[in-house]
Amino acid sequence: MPPGQVREAYNAKGRRSTAGSRKRGKRKPEYRPEEQPDPNAEILLPQSKDAKAKETKERLRQETLTHKELQDRSEDKEVRKAFDGRSEKRKRHGDKFAVHGLDTEDSQDDEIFATEPVTRPSHPQVIFDSGIPPPKNDSKPPAVGSALKRNSDGSIVMPKISKTKQSGWDRKRSVPAKEESDTSFDSSDSAYDSTDDTVDLSGGHEDFETGLEDEDKEDSGTFLEESRPEKKKLGFKDWAVKQLSVAKGYNFPTQETDAIPPVENPPTKKRKIESSTNLPNMRGPLGEDLQIPKTTLANQVLGSEQRAKVSPYVKAVAVKRPPSIEEARLLLPIVAEEQPIMEAILLNPVVIICGETGSGKTTQVPQFLYESGFGTPGSENPGMIGITQPRRVAAVSMAARVAHELSLTSSRVSHQIRYDATVSPSTSIKFMTDGVLLRELANDFLLVRYSVIIIDEAHERSMNTDILIGVLSRVVKLREEMWKERKDDVKPLRLIIMSATLRVSDFADNTTLFSSRPPVINVAARQHPVTIHFSRRTSPNYVNEAVRKATKIHTRLPPGGLLIFLTGQNEIIGACRKLEAKFGKKALDLKKKNRSRPSQQGADVEPEDLDLGNFDQDGLAFDVDENMDQEDLEALDSDDEQNLDEELGLGEDSDVPMHIVPLYSLLSSEKQMRVFEPPPPGCRLVVVSTNVAETSLTIPGIRYVVDCGRAKERRYDIANGIQAFQISWVSKASAAQRAGRAGRTGPGHCYRLYSSALFEHHFEEFSTPEIQRMPIEGVVLQMKSMHIDAVVNFPFPTSPDKIAMRKAEKTLTHLGALTFATPDVKNALSSVGQITDLGRTMALFPVSPRFSRMLVSGQQHDCLPYIISIVSAMSVGDPFLYEEVLGQDGSDVENDAESSLVNLRSDSVKAKDARNLKRKAFFQSQHMHSSLGSYSSDVFKVLSVVGGYEYAGGGQKFCSENFVRPKAMEEIHKLRAQISNIVQTNFPGVDAKFAPKLPPPNEGQLKVLKQLLAAGFIDQVAVRKIRIEGADGVQVSTSKGVPYKAMGISEDAFIHPSSVLANVPPPDYVIFSEVIRTSRIFLKGVTVVNPSWLSALGKPSLCSFSKPLKNNVGTVVMIPQFGPDRWELPAVKAELR
DNA sequence: CTCTCCCT
């Protein structure tokens, strides 16, 4: 179907209605308060008396069922107890709220408000409303990853496509290779550290290392001292209760001499290392004598005093590595540490391993474990080896790498990420993203299929890693207890935390987390030296400064790639332009031609050619020039000299062209790939990048780094949810990481565009963990669904702000996921909510709670497919390109480069025309998508483009015609498939109606969708200021500059200029998905709502009502008071309330 | 009048 038709199909309706209302010159009817309550509201919930009676019965049945089922779940109880001893009491208290939102008045109602069914079992056939907790069926729990069915080629099978419709886009889609770009990406990722013979920084870490050595020694001592004899005779339950009564209660079981069950199967194969020596005879991680810790595991492994004389570590599984790999492995320092590392792991339930990038820890430690029998059925530790990564690319590429090193198939060494998995029953080693494991925990708290979990990149302190470490500290504990009680043949679970920096005190010294300090093993990394140069002064204009420094480096220093760190897309584009103008191939050709015209010779002899030859060969030539280099560097460091040089026009010329490549996350994959292509011969690679190049991507051949020292960070105001993008100084750790990027292929240099004084005194050591910067309602809901009721008591490595926790609980209460407990002013913690059945159902979906709230109610009026699309799109984020990026993202640049001097001028005219056409098409497309739903919601604009995309069967062409990012669209598509699948597997009664070609929603559906959005964002409401303050507003034709009052925000807010609502008359009531502070406070993701929906959806936590009043027509009405500021909404009929 | 970066 040609795009034109798609457009028509999708938008004819919207367009027409806009035109109509424009002609009439009227405001859109939905905005008008005098029309409320919406006369059509009841169409959304036809409900007979019979249905009502049935509903009440059903509800009663379910309430008992719920209660009983909870009693049955004794295992869950143990889990709960492991976190919070008081939860049982609360559970009892919470029972009366078992089905959210039900109260007596409601069930008396004849007329029920439109969106209300979301919280009540009004449609008997609708399982969402049934109040049944997520199916705990006997079959496998619906693991998130497994919810994806796949074709033989690995592509994802779209769920349930009706036969008549099966043609078109979904079929095209099963062509593989969409993922290829990602995979090839990986090959140059840090993933391959193991064989990399180059590593980060040389200097600066000695003091850390010695410091650590001391700590390690202390460590072994601590183990011996720890002793809790009083625990011996207690059973697990008594013991757990006792522990939990001690506030944050978790004590690592240490000295367990006679409480240990006899070990029947001691490690079968043992190898003596020093047969005749007495204890202690083991070598610690740093070569020191190591006392055998008296942990339970130590006793298990060593069996008895006699056995303790031998090393517990044996290679139990033979592996066959390719010879080249064996060779490369020997160069890795970590391989030499195999013995002590494995001993530490075998003797301790929790071990921390520190090793810089390039130490090979990520590839080698899993192999050590595998060789010693972990992950092999029938061994002492038959469960899988699980390794978590914070990024998908890393999980996939590491799995591939380790599989290669061990000569095993991808079904033995597998990966699992959100949309892709190679896991099989024979999997021994499983790499996954941290979110995947967190999801698995929700279904299987004990992780029975694993014998060891490695949390990699723990230093990045991502939210998921932090949560994982907290949860796993308890799981390890539980598994150990169960193993001791010989429950169900459970084996202990080991936890290994791997970190690149030495900041492990948050883990190691956190007694809430691990009551006795786990051993910390430090592994060396081989690395090339990187010389760091600070600027004398710190210039605020760091973009210009970066360009200047790049110029210097390029013109004066020997070949080698240059990586420039800036903060954002605009800066990068700007810097690229400037550099292109100076040293781009085109610019140089131009210069050359100009030069060669007056004097016809010399053009062939480039002075740099000689240098190039030398340096390309590296080695000897390099060393010589390194000295020269050094002199140059001195000069570079002096700003004054630099300025002088510039004035004299010295050192600013080079005939070596730059191959300039921008790099940031929003860039398409193909464009990102350019950084991995070797630059054209004779060119210097210059990459201008954001933070992506700091961790996610490793660019080969970089020898110079220019670091502006800043980064753009998203900040949330924890109290009011306002987000802002702020450019701030990076941490010392980040700066080190950036510098390290210069030393991966050889010795390198890092130029910091700030002074050393600033660095020393103003830079934080480490960046703030994500959990302290982000809203945490998602995390809180997930914890509660895992029966971790008192989130305050959770053993976070670093605790999130208390205010943030309370805010999260509040939000979840508003959404109906937690019971609404009247806040107790005296004791804030007593009002901690319990998860409701609605909340438990919400937790099934791998999206933010607001979105799952919308999904849970989305089955009405065939809206589920739409709401799934909407939720997918909102989760992924805005797919639209922006006007400014238009020229940049096109292929114009390539064309320009090819143009010769002669027709350059006419070409640029052509290019200008083309640009104008493009702009026109851009605005047309924007307008078209905005018109869905008559300009009433930004969300519909995205729905429009998603619908069109699916209709067209996806594809690059659609994306460029509609000015959306293909990456985002593809992700939306996959998420849509995943959510549809989850609905189908968990709620067999619901027809997810997965239509590949979704017809545009009709008017009624659009209304329901808006109500669903209101339900998801019921606590993010904004009201036009004049409605609150009663002032009479001047008639305005657009929303631009019209002030709004947004819930919880004291300052005036405005509809963001990019909103579809910015160009229509201002609606009175809207919900918004984001607030962002730039020049003003702006609302984004805005949807017009009817205030009567707000009062209905806001009950009970957000809306109260006045006493019944008679209005002038004699109807009994009530005035709803909404939100913390008690905004008065238009009166509603008393019976509707 | 704007978009650092990841993830279930």
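Protein chains get the first letters and strands the later ones, always in sequence-line order, with residue 1 at the start of each.
- Nearer to the 5' terminus of DNA chain B, by closest-nucleotide assignment, is the contact made by A/His1056 (compared with the other of A/His1056 and A/Asp434).
- Side chains of A/Ser1059 and A/Asp938: a donor-acceptor N/O pair is present below 3.5 angstrom, by distance only.
- Side-chain proximity of A/Ser696 to the nucleotides B/dC5, B/dT4, B/dT8 is greatest for B/dC5.
- When distances run from any side-chain atom of A/Gln569 to the nucleotides B/dT4, B/dT8, B/dT2, the shortest one goes to B/dT4.
- Taking 4.0 angstrom as the limit, A/Thr1078 places a side-chain polar atom (N or O) nearer than this to OP1 or OP2 of B/dT2.
- Among the atoms of the strands shown, none is found under 4.0 Å from any heavy atom of A/Leu437.
- For A/Ser665, a side-chain nitrogen or oxygen approaches OP1 or OP2 of B/dC6 to under 4.0 Å.
- Checking A/Arg461 against A/Thr768 by side-chain atom types alone, no donor-acceptor pair falls below 3.5 Å.
- With hydrogens and angles left out, the side-chain atoms of A/Ser785 and A/Arg840 include no donor and acceptor closer than 3.5 Å.
- The distance between the ring centers of A/Tyr754 and A/Tyr542 does not fall below 6.0 angstrom.
- Between A/His927 and A/Tyr935, the gap from one ring centroid to the other is short of 6.0 Å.
- Heavy-atom distances to DNA chain B give each of A/Lys712 and A/Ser875 a nearest nucleotide, and the one nearer the 5′ end belongs to A/Lys712.
- If you measure from atom CE of A/Met774 to atom P of B/dT8, you get 16 Å, rounded to the nearest angstrom.
- Distance, A/Glu770 CD to B/dC6 P: 12 Å, rounded to whole Å.
- In this structure, A/Ile573 atom CD1 and B/dT2 atom P are separated by 15 Å, rounded to whole Å.
- Between A/Leu468 atom CG and B/dC7 atom C1' there is a gap of 11 Å when expressed in whole angstrom units.
- Taking side-chain N and O atoms only, A/Arg391 has no distance below 4.0 Å to OP1 or OP2 of B/dC5.
- The distance from atom CG of A/Asp466 to atom C1' of B/dC7 is 14 Å, rounded to the nearest whole Å.
- Among the atoms of the strands shown, only primed sugar atoms or phosphate atoms (P, OP1, OP2) are found under 4.0 Å from some heavy atom of A/Val692.
- Between the C1' atom of B/dC1 and the CD1 atom of A/Ile1076 lies a distance of 11 Å, rounded to the nearest Å.
- Heavy atoms of A/Phe880 sit under 4.0 angstrom from at least one base atom.
- A sub-4.0 Å separation between OP1 or OP2 of B/dC1 and a side-chain N or O of A/Ser1079 is present.
- As rounded to whole Å, 11 Å separates atom C1' of B/dT2 from atom CG of A/Leu666.
- Within the 4.0 angstrom heavy-atom criterion, only backbone atoms of the sugar-phosphate kind lie near A/Thr567; the bases stay farther away.
- A cation-pi arrangement is absent between A/Lys732 and A/Phe766 under the rule of less than 6.0 angstrom and at most 45 degrees off the ring axis.
- Between the CD1 atom of A/Ile979 and the P atom of B/dT8 there is a distance of 13 Å, given to the nearest Å.
- Here B/dC5 is the nucleotide among B/dC5, B/dT8, B/dT2 with the atom lying nearest to any side-chain atom of A/Asn691.
- As judged by a 4.0 angstrom heavy-atom cut-off over every strand, A/Thr690 is placed among residues touching the sugar-phosphate backbone only.
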